[in-house]
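One structure is given here, and the rest of the page talks about it.
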Amino acid sequence: MYYANVSQQLPHTSRVIEVTGNGKVMATPNYVQIQIEVQTRGKNVQEAQQENAIIMNRVIQSLLALHIPRENIQTAFYTISPVYDYEDGKQIFKDYEVTNAITVKVTDTSQIGEIIDTAVENGANRISSVQFNIDNVDAYYQQALSLALQNAQMKAKTIAETMHLPLQPQPIEIVEELEKAPVLYRSMAMVDSKISTPIEQGQIAINATVRVKFQY
């Protein structure tokens, strides 16, 4: 019985190593966004609105007195909602709730505790968000992307050397995997000359990930 040499009849197919490269760069935030809210309630919606407006105006004026530029103070949302109680399965109207929320951009992060305390002292009754950010995030991302590519090359080289494969140095495909905005923080306590609300300023991790294919 005759058997053909199958390996000679099959066309040559390229062999590929696919690796995932990861890069991370730590950056210190250069501004913070604080969301400050004033919530008021009343049986009469107009009275709740008026009380809310008086308090929020007082809060804004107190922030301006701390040398926060007016253009760094922006309305985030404004809502009017009826509030109900439930008795014996029945919905009973209680009052109206008015919420006015502003976002404050603070470039001097040493002011964060003082700003929160000042807002609360002047009538704000909810701080719903304190978010650290950086302006030039793209520059940090480019650094992380470069590290991710280097990481992918090192992984492919390690695999090839371990398996004794003739790896081609240039990749045949690079796919960038986009991620969400940086959200990771490393704790680093802020120190102020006076006692105020303690806020932890951290370093933001900017991550990049690539999938890279090499031929061998």
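Proximity of Val210 to Leu145: side-chain heavy atoms (C-beta onward) are separated by under 4.5 Å at one or more points. Between Thr118 and Ile116 the shortest side-chain heavy-atom distance does not fall below 4.5 Å. Between Val16 and Tyr216 there is no side-chain heavy-atom pair separated by less than 4.5 Å. In this structure the side chain of Gln131 never reaches within 4.5 angstrom of the side chain of Tyr31, judged on heavy atoms. At least one side-chain heavy atom of Ile115 sits under 4.5 Å from a side-chain heavy atom of Ile68. Taking 4.5 Å as the limit, every side-chain heavy atom of Lys24 sits out of range of all side-chain heavy atoms of Ile206. Under the 4.5 Å side-chain criterion, counting only non-hydrogen atoms from C-beta, Val106 is in contact with Ile34. A heavy-atom distance below 4.5 Å is found between the side chains of Val175 and Glu173.
What you find for Asn207 and Ala205 is that their closest heavy atoms are ND2-O, 3.6 Å. For the pair Leu64 and Arg70, the tightest heavy-atom approach, listed with the atom from each and the gap, is CD1-NH2, 2.9 Å. Scanning both residues, Leu167 and Ala160, for their nearest heavy atoms gives CB-CB, 3.6 Å.
In this structure, Asn57 has no side-chain hydrogen bond (donor to acceptor under 3.5 Å, both in side chains) partners at least two apart in sequence or on a different chain. Applying the salt bridge (Lys or Arg N to Asp or Glu O under 4.0 Å) test to Glu47 and every residue at least two apart in sequence or in another chain returns nothing. Tyr96 pairs by the ring pair (Phe, Tyr, Trp, His ring centres under 6.0 Å) definition with Phe93, not counting sequence neighbours. For the side-chain contact (heavy atoms from CB on, under 4.5 Å) test, residues two or more places apart in sequence or in another chain that qualify with Thr209 are Thr20, Asn22, Glu177, Glu179. For Gln39, the side-chain contact (heavy atoms from CB on, under 4.5 Å) partners are Glu37, Glu97, Thr99, Asn125, Arg126, not counting sequence neighbours.
Note: the hydrophobic cluster containing Leu66 also contains Ile112 (ILVMFWY, side chain heavy atoms under 4.5 Å, direct or indirect links). No path of Ile, Leu, Val, Met, Phe, Trp and Tyr side chains, each step under 4.5 Å between heavy atoms, connects Val104 with Phe77, placing them in separate hydrophobic clusters. Follow the hydrophobic side-chain contacts under 4.5 Å out from Ile174 and you reach Ile17 in the same cluster.
Within the 3.5 Å criterion, the main-chain N or O of Ala76 finds no donor-acceptor partner in the side chain of Thr103. The main-chain N or O of Ala152 is never found under 3.5 Å from a side-chain atom of Lys157 such that the two would form a donor-acceptor pair. Asn151 places no side-chain N or O within 3.5 Å of a backbone atom of Gly23 that could act as its donor or acceptor partner. A donor-acceptor distance shorter than 3.5 angstrom exists from the side chain of Asn52 to the backbone of Val38, with no hydrogens or angles considered.
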Going through the distances and angles, do Gln35 and Ser128 end up as a side-chain hydrogen bond (donor to acceptor under 3.5 Å, both in side chains)? CA-CA 6 Å; Gln35 186 160 297; Ser128 54; 3.0 Å; yes

Apply side chain to side chain contact (heavy atoms under 4.5 Å, CB included) to the pair Ile36 and Leu63, showing each step before the final yes or no.
CA-CA 11 Å; Ile36 300 170; Leu63 297 177; 4.2 Å; yes

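The number of heavy-atom neighbours closer than 6.0 Å to CD of Gln142, taken from other residues, nucleotides and ligands shown, is above 12. Within 6.0 Å of NZ in Lys155 there are more than 12 heavy atoms belonging to other residues, nucleotides or ligands.
Within the structure, side-chain hydrogen bond (donor to acceptor under 3.5 Å, both in side chains) contacts touching residues 79-90 (residues at least two apart or in different chains) are Tyr86-Gln91.
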